[in-house]
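Structure, as structure tokens:
These numbers were taken from a predicted model, which means no experiment stands behind them. A note on names: the letters A, B, ... follow the listed sequences, proteins ahead of strands, and every chain is numbered from 1. Heavy-atom basis, side chains included; hydrogens, waters and symmetry copies ignored.
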Protein chains: 2
Amino acid sequence: MKPRATIRDVAKAAGVSLGTASRALNRAGRVSEDAIAAVTKAARQLGYEPDAVAQSMRTRSTGVIGLLVSDFANPLYARIITSVEASMQAAGYTLLLANTHNDRKREKALVETFRGRRVDGLILGPCEGESPELLERIDADLPVVALDRDFSASGTGVHVDHYHGALQATRYLLNLGHTEIALLTPGSVLRPGRDRIAGFEDAYRERGLTPNPKLIRAERSAMDYAFSEALGLLSAPQAPTAFMCLGTRILSGVLQALRHSGRSVPDDASVLSIGDTDLSQLFSPAITSLTWDFEAVGTALAQLLLKRLDRDLKAEPERIVLTTQMVLRESVASAQAPKNKAAPGASARRASQKADRAG
Amino acid sequence: MKPRATIRDVAKAAGVSLGTASRALNRAGRVSEDAIAAVTKAARQLGYEPDAVAQSMRTRSTGVIGLLVSDFANPLYARIITSVEASMQAAGYTLLLANTHNDRKREKALVETFRGRRVDGLILGPCEGESPELLERIDADLPVVALDRDFSASGTGVHVDHYHGALQATRYLLNLGHTEIALLTPGSVLRPGRDRIAGFEDAYRERGLTPNPKLIRAERSAMDYAFSEALGLLSAPQAPTAFMCLGTRILSGVLQALRHSGRSVPDDASVLSIGDTDLSQLFSPAITSLTWDFEAVGTALAQLLLKRLDRDLKAEPERIVLTTQMVLRESVASAQAPKNKAAPGASARRASQKADRAG
DNA sequence: CTGTTAGCGCATTCAT
DNA sequence: ATGAATGCGCTAACAG
């Protein structure tokens, strides 16, 4: 196995100096056409490929950007990341990916690792115990774009407006006569979770109602956990008549609990998914969802980072807020007419108009 | 913004030479406790962090491994990659990820890019137009582990035994009296697709039957595509009584087509999912699946690569084959008694015993 | 045990 | 337009 050809070999083969070869390869500075031709040919013959590590060392730029989320297999992240990757790949960047498992310590270690690897930029998803200061400190010498994450006053990031989303979805359910609504979303310490809870509670308050804190379950995102939580909720005296569920796993757990307890959707209980997925679309009945444009989140993330990478020093921070949309399907019915199997679509449509007016 | 501290700064602050600082930091060679203490302290005070790029340049090792699949948002891959990431992260490696979109050219370009970035190893998922030669050429100077990919005689990789899986699943359906079975799996040019089709056809042949080639649809993996294909199949004179569907998207399309055409599962048509997902578990009726252990695939991949990284030169190639499992649920019924709603479980159980004997 | 030196492969400056 | 020289930050080989 012969050692890889270096630019030195190319220069020698082309009969020029090392510097000229470099300039010819990068078409930088003044080089003659002859030199370019000779160097290009020699490079091809030798199968020369530049050593990106050496280039990075020299140029202080790696062409790599780091992406840290709690779990990139989570469908809610997977599509965002795919979209980021597409944009960054088109711009010539490659993605260094790692999962934080929502562990602050691990995140910190990974940020250090990535920074040590001299990534050109960082995209950070929400993580438990996140602190704006940490982000700002990092951002001081490494461009960081935050995803749905606390970023205090300054800082660049993309945010989904979970607050107004939850507000709208909760209003929608309240309009349908539901008063006992369960909100299952993990991470009340995370920005998305907190904002959802705030919107949820405000929707109650604006009607002069007080949300039942026991119906807000926000611990972990796991199917079996959601299953037992939902089961517990259902067996309580004031069983919820509607469930708002974040993500595939929680939705799964709730649907199983409902099935297990012999209740049918939406006749016995309404279900609303936060974050639309395959499951919510295909489930029968199809699940009404509060969702947002995952691809757009990824594009926005990439765009912001690219811009920051471009004017490499500190441009003014920028943030993009994306709104949520309600996708009305079949899993939500009026609380007043639980047995009105005939026209769930009609009642949903009617309620949607109300919700639109209210929102 | 002050420039980052280098090892030189640390050495100076600690009052030792550059070499001693390096040895102290890496605890390599002979260093006095005093030196270690002084250097460690200085490093901490200066906030020193080694420059991984410079280290890589010197050591010819980056601690990065590249991972190329067609689409890492695909649930079938997402869990495997998560598992790989966990293993590699534990071993101190980081993952460089990119999607090939199943495009041979793009894959080639990405392999070049990764190689240029001097990744320590590569994990390659199946890709259209894949050639064993390509892999072997790469593997000549860069450890490569293949995932479900053609690798001719030599080469390291992890394979799922899709052939016997399809054979078993098809036998199972044949035993239940289905003769018109549709097989929807993308990529007949990819190893997994080819092997599945081979197993499918052999199950027919061993009964002296000839599979209907029109029932094997293997073009693309997209929900709308699967939907229209399934619809077309259902309106044909010899409509299939059972569907084998690879992955979430195709399964989704087929289920929608079934619903759209007013057929119920499993009474009017049986459905078997290849690759178990949230959707197949939660769908009602729950979908009987042919699946495999995604986490184990990831672990095996990491283990093989780590071993190859260890004895860094060419150890003998190694491959791991993982078997598939049938998960019997509610979406498959006997073709003979389509209206026997009472005991689908029972008939399935009976059939499963037959399948076991047959396999 | 420690200091000094020599590159890793490359882009870039400064001469010419 | 080009060649020679410099050094990015680090580890490893060598000499003390």
Using residues 33-47 of chain A as the side-chain source, report each donor-acceptor pair under 3.5 Å to any protein atom, sequence neighbours left out, with the distance given to one decimal.
| residue | atom | partner | partner atom | Å |
| --- | --- | --- | --- | --- |
| Thr40(A) | OG1 | Ile36(A) | O | 2.5 |

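- Five base pairs at each end of the helix from dC1(C)-dG16(D) to dT16(C)-dA1(D) define two local axes, and these are offset by 50° (rounded to 10°).
- Separation of atoms CG (Leu301(B)) and CD1 (Ile81(B)) is listed at 9.5 Å; rounding is to 0.5 Å.
- The nearest whole Å value for the distance from the CZ atom in Arg27(A) to the P atom in dT12(C) is 15 Å.
- Pairing each heavy atom of Phe114(A) with each of Leu97(A), the nearest pair is CZ-C, 4.3 Å.
- Here the shortest heavy-atom pairing between Ser83(A) and Thr299(A) reads OG-N, 3.3 Å.
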So which protein N/O to nucleotides 4-7 of chain C N/O distances come out below 3.5 Å?
| residue | atom | partner | partner atom | Å |
| --- | --- | --- | --- | --- |
| dG7(C) | N2 | Arg58(B) | NE | 3.4 |
| dG7(C) | N2 | Arg58(B) | NH1 | 2.7 |
| dG7(C) | N3 | Arg58(B) | NH1 | 3.4 |

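- In this structure, Asp139(A) contributes its side chain and Val144(A) its backbone to a donor-acceptor pair below 3.5 Å.
- Looking at Arg60(A) and Asp51(B), a side-chain N of the basic residue comes within less than 4.0 Å of a carboxylate O on the acidic one, giving a salt bridge.
- Applying the ring-ring contact (aromatic ring centres under 6.0 Å, His included) rule to Tyr77(B) yields no partners; only residues at least two apart in sequence or on another chain are considered.
- Contact annotation for Val16(A): backbone-only contact, meaning every heavy-atom pair under 4.0 Å involves sugar-phosphate atoms and none involves a base.
- Across the protein-nucleic acid pair, Asp51(B) atom CG and dC8(C) atom C1' stand 13 Å apart, rounded to whole Å.
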Review item, side-chain donor-acceptor pairs of residues 3-13 of chain B, under 3.5 Å, at least two apart:
| residue | atom | partner | partner atom | Å |
| --- | --- | --- | --- | --- |
| Thr6(B) | OG1 | Arg8(B) | N | 3.1 |
| Thr6(B) | OG1 | Asp9(B) | N | 3.4 |
| Asp9(B) | OD2 | Thr6(B) | N | 2.8 |

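- Interatomic distance, CD of Gln303(B) versus CZ of Arg308(B), reported as 13.5 Å (0.5 Å rounding).
- Summarising the geometry, atom CZ belonging to Arg149(A) is positioned 4.5 Å from atom CG belonging to Leu124(A); distances are rounded to the nearest 0.5 Å.
- Between Ser56(A) and dC10(C) there is no side-chain polar atom (N or O) within less than 4.0 angstrom of OP1 or OP2.
- Using a 4.0 Å heavy-atom criterion, one finds that Ala28(A) contacts no nucleic acid atom at all.
- Contact footprint of chain A on DNA chain D: nucleotides with an atom under 4.0 Å from a non-hydrogen protein atom, first to last in 5' to 3' order, dA1(D) to dG9(D).
- In this structure, Tyr48(A) atom OH and dG9(C) atom C1' are separated by 8 Å, rounded to whole Å.
- Taking atom CZ of residue Arg118(B) and atom C1' of nucleotide dC8(C), one finds them 11 Å apart after rounding to whole Å.
- The minimum heavy-atom distance linking Thr62(A) with Arg117(B) is given by the pair O-NH1, 2.7 Å.
- Gln55(A) has no side-chain polar atom (N or O) that falls below the 4.0 Å cut-off from OP1 or OP2 of dG9(C).
- Nucleotides of DNA chain C nearest to Leu25(A) and Arg60(B) differ in position, and the one nearer the 5' end is that of Arg60(B).
- Distances shown here put a side-chain N or O of Ser22(A) below 4.0 Å from the OP1 or OP2 atom of dA11(C).
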